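No hydrogens, no waters, no symmetry mates; every other heavy atom, side chains included, goes into these values. All chains are named by letter (A, B, ...) in the order of the sequence lines, taking the proteins before the strands, and each is independently numbered beginning at 1. Just so we're clear, the structure is a prediction, and the values are computed from it rather than from any experiment.
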Amino acid sequence: MRSADVARILDEMGTLLELKGENPFRCRAYHNAADAVRGLGDDLPDRIASGKLAEVPGIGETIQRKIIQLVTTGSLPSYEQLRAELPPGLVALLRVPGLGPKKIKALHEALQIESLADLRRAGESGKIAGLKGFGAKTQRKILEGLAFVESTGGRILQSTAWRLVAPIVEAVRSCPGVVRVEVCGSLRRRLETIGDLDVLFAAEDPVPVLDRFVGLPEVAAVLSHGETKASVRLAGGVQCDLRGVRPEQFPFALHYFTGSKAHNIALRKRAIARGLRLNEYGLEGQEGPIPCSSEEELFQALGLHPIPPELREDRGEIERAEAGPIPPLIERKDLTGTFHCHTDWSDGGNTLLEMAEAARARGLSYLGIADHSRSAGYAGGLSIDRVRRQGEEIDALNDQLGPDFRLFKGIECDILADGTLDYPDEVLAGFDYVVASVHSNFGQPIGVMTARIVRAVRHPMVTMLGHPTGRLLLRRDGYAVDLEAVIAEAAEAGTLIEINANPHRLDLDAEHSRRARDRGVRLVINPDAHAVGGLDDLDYGVGVARRAGLGPSDVFNTAPLSRIAAELRPGGAGA
DNA sequence: GCCGTTTTCGGCCCGACTGTTTTCAGTCG
């Protein structure tokens, strides 16, 4: 059983215990342990093997035993028992905004509600309003929340979130008295998908700003509206929270509302251990408040070097920031060029020249063209003859574009079902580089798929592995593949691994990108652009790389054009 | 259930907002 599955089960156990009305600290212990297991990722088997699992903060003797039992036998009696005690539909009720464990327990006991459908029936017949502790307003909110749960999956892509939040930030910024506005929450931490939007502003008097916010045209419903905070549901169902603080409180609030929750709790504990008190309004010492004009000063006041938002998950970043400065993370401006772009030669929307000019306009000094290979009939894959003709056009364009910009001749070559590539070696040798990707036979068993990809990664003509799991966020899980084996092979063969920056993919993910780097693999950030606008997706790939803790030297396409040109040759960039 | 330079018991982050309850519990982040 994989660590992600173990973490999911521990989380579910915590939730089931909450629904039973157990001691909340005991419940939280399971959620904390789930976070700890997630933080371990693929290190979990090693930790178990070395007998050091209980040394991980948040995992004690009891939960260690349960994890080991889960991993070794695949089942856990106490988990099964817990599931048997409670109706299976009860957990789903937690997704309804405004319903927590206590209310769900009350609804279950008083009205035998066991599912979303039961809840709807009870609400529509007015039974909920009559319950002790409930009223007409609560009943109406429950019904509204139900409609939300049923209409959306609950999360949105990071790209959607930025699009939704932009007009709100602008509207708040234009309010009189507002001196700062920042996006906070998981969006600032650049998570792959986003649950809700958090916006923070600073003003001497937040009230008029909040009043204006709840009246914006994007707002479909007002969920709450106080003097420092308002929550609304936007058209489309996404929730947006706006908080206002006084200017001198802004750095504390910015840090607090950026999260993550686990990071905040760890930092507050750290403050307490030093005789301080930290909350979203300030840092309080024995002799009164300790002013900070920035997040950097706040970290400094707690004896830490600054921690970038993307790393704030309480997965070791606090200990690292205590030991010394955290090395600078990669930024968008570090990228000198990129690979894996499509044109109208296959399924892209723009010409070679248009893509080249768009890349240059974005400050890149080279662009790799990787249209689809011949088996990708659905995507206009190139025949061997068309490969040759496209190469001639690229040569001509390079003459035209001048010495300070270069188009590279690449291909996104399908990895066929048996792990062989889609062209003979003599054709592959004609490219400047090869991106090898899986586009078919997604259903292969993990052993077959892993051997297939490993074979391609080992192929001397393959420069980089494209979107290593094939996942589509919120739509499709990746195919079953042992990434650990793929990473090990890539390290051995010197093959690059792509961080596909398309916001639907973000594949390789941050956790495995970190592991790949630690194993000595170089990553490459590619937009998988199918039109000029797709080049802007590079920013999402940079977000993944930052969450992975990568610096510029960990990413291939930060090198200057001259070095890239020298390294790109058949046999692999890392050879 | 976890944890410990106030340690093996007795805490566990903390503030805003809502609704219903007249003093606060529940939810959320």
Quick check against the 3.5 Å criterion: does A/Glu218 have a side-chain atom that pairs as donor or acceptor with the backbone of A/Leu234?
no
Expressed in whole Å, how much space separates the C1' atoms belonging to B/dT20 and B/dT27?
14 Å
On a whole-Å scale, what distance lies between the C1' atoms belonging to B/dT8 and B/dC3?
10 Å
Mate of B/dC24 across any strand shown (Watson-Crick or G-U wobble, both atom pairs under 3.5 Å) is B/dG19
So that I know where these two stand, are A/His504 and A/His467 an aromatic pair - ring centroids less than 6.0 Å apart?
no
Among the nucleotides B/dG29, B/dT18, B/dC12, which one has an atom lying closest to any side-chain atom of A/Tyr256?
B/dG29
Could you measure between the two P atoms, the one in B/dT22 and the one in B/dG26, and give it in whole Å?
15 Å
Exactly one candidate in A/Glu511, A/Glu313, A/Glu317 meets salt bridge (charged side-chain N to carboxylate O under 4.0 Å, His left out) with A/Arg547; the answer is A/Glu313
When the distance from CG of A/Asn32 to P of B/dC3 is rounded to whole Å, what number comes out?
9 Å
Pick the P atom in B/dT6 and in B/dC12, then give their distance to the nearest Å.
16 Å
Can you find a side chain N or O atom of A/Ser231 that sits less than 4.0 Å from OP1 or OP2 on B/dC28?
no
Among B/dG1, B/dT18, B/dG29, which nucleotide has an atom closest to any side-chain atom of A/Asn23?
B/dG1
Given 3.5 Å as the limit, does a donor-acceptor pair link the side chain of A/Asp46 with the main chain of A/Asp43, or not?
no
Look at the side chain of A/Lys66 and decide which nucleotide, out of B/dC12, B/dG1, B/dT18, has an atom nearest to it.
B/dG1
When you check the phosphate oxygens OP1 and OP2 of B/dG15, does a side-chain N or O of A/Asn279 lie under 4.0 Å from one of them?
yes
Just so I know, are the side chains of A/Ile318 and A/Leu304 near enough to count as touching, which here means a heavy-atom distance under 4.5 Å?
yes
Measure NZ/A/Lys20 against C1'/B/dG1 and give the value in whole Å, please.
14 Å
Could you go through nucleotides 7-9 of chain B and list every protein N or O atom that sits under 3.5 Å from one of its N or O atoms, giving the distance for each pair?
none

Looking only at side-chain atoms of A/Ile63, point me to the closest of B/dG15, B/dG29, B/dC2.
B/dC2
Atom P, compared across B/dC2 and B/dC13: separation rounded to whole Å
15 Å
Are A/Asp198 and A/Arg243 close enough, and set up right, to give a salt bridge (charged side-chain N to carboxylate O under 4.0 Å, His left out), and what steps lead you there?
CA-CA 8 Å; A/Asp198 295 295; A/Arg243 305 239 183 185; over 6 Å; no
Looking at B/dG1, B/dT27, B/dG29, which one has an atom nearest to any side-chain atom of A/Pro101?
B/dT27
B/dG29 OP1/OP2 closer than 4.0 Å to side-chain N/O of A/Arg268
no
When you get a sec, tell me which of B/dC14, B/dC12, B/dA16 is the closest nucleotide to the side chain of A/Lys269?
B/dC12
Backbone N/O of A/Thr469 and side chain of A/Asp507: donor-acceptor pair under 3.5 Å:
yes
Is A/Lys132 touching bases, backbone alone, or none of the nucleic acid, heavy atoms closer than 4.0 Å?
nothing
For A/Lys261 and B/dC12, what is the distance between atoms NZ and P respectively, to the nearest whole Å?
15 Å
Can you tell which of B/dT27, B/dC12, B/dT18 lies closest to the side chain of A/His225?
B/dT18
Please figure out whether A/Phe134 or A/Thr228 has its closest DNA chain B nucleotide nearer the 5' end.
A/Thr228
A/Ser260 and A/Arg312 side chains, donor-acceptor separation under 3.5 Å:
no
Could you please name the option among B/dT27, B/dC12, B/dT20 that lies closest to any side-chain atom of A/Thr138?
B/dT20
Just checking A/Ala136: base, sugar-phosphate only, or nothing, at a heavy-atom cut-off of under 4.0 Å?
sugar-phosphate
Minimum heavy-atom distance between A/Leu506 and A/Gly541, given as atom pair plus value
CD2-N, 4.5 Å
Given the P atoms of B/dG11 and B/dC17, what is the spacing between them in whole Å?
30 Å
When you measure from the side-chain N and O atoms of A/Lys229 to the phosphate of B/dC17, is any distance below 4.0 Å, counting only OP1 and OP2?
no
Closest to the side chain of A/Asp198, out of B/dC3, B/dG29, B/dC13, is B/dG29
Of the options B/dG1, B/dT18, B/dC14, whose atoms approach the side-chain atoms of A/Ser224 most closely?
B/dT18
Contacts of A/Ile272 and A/Gln139 projected onto DNA chain B by closest heavy atom; the upstream (5') one is A/Ile272
Select base, sugar-phosphate, or nothing to describe what A/Arg277 touches, counting heavy atoms under 4.0 Å on all strands.
sugar-phosphate
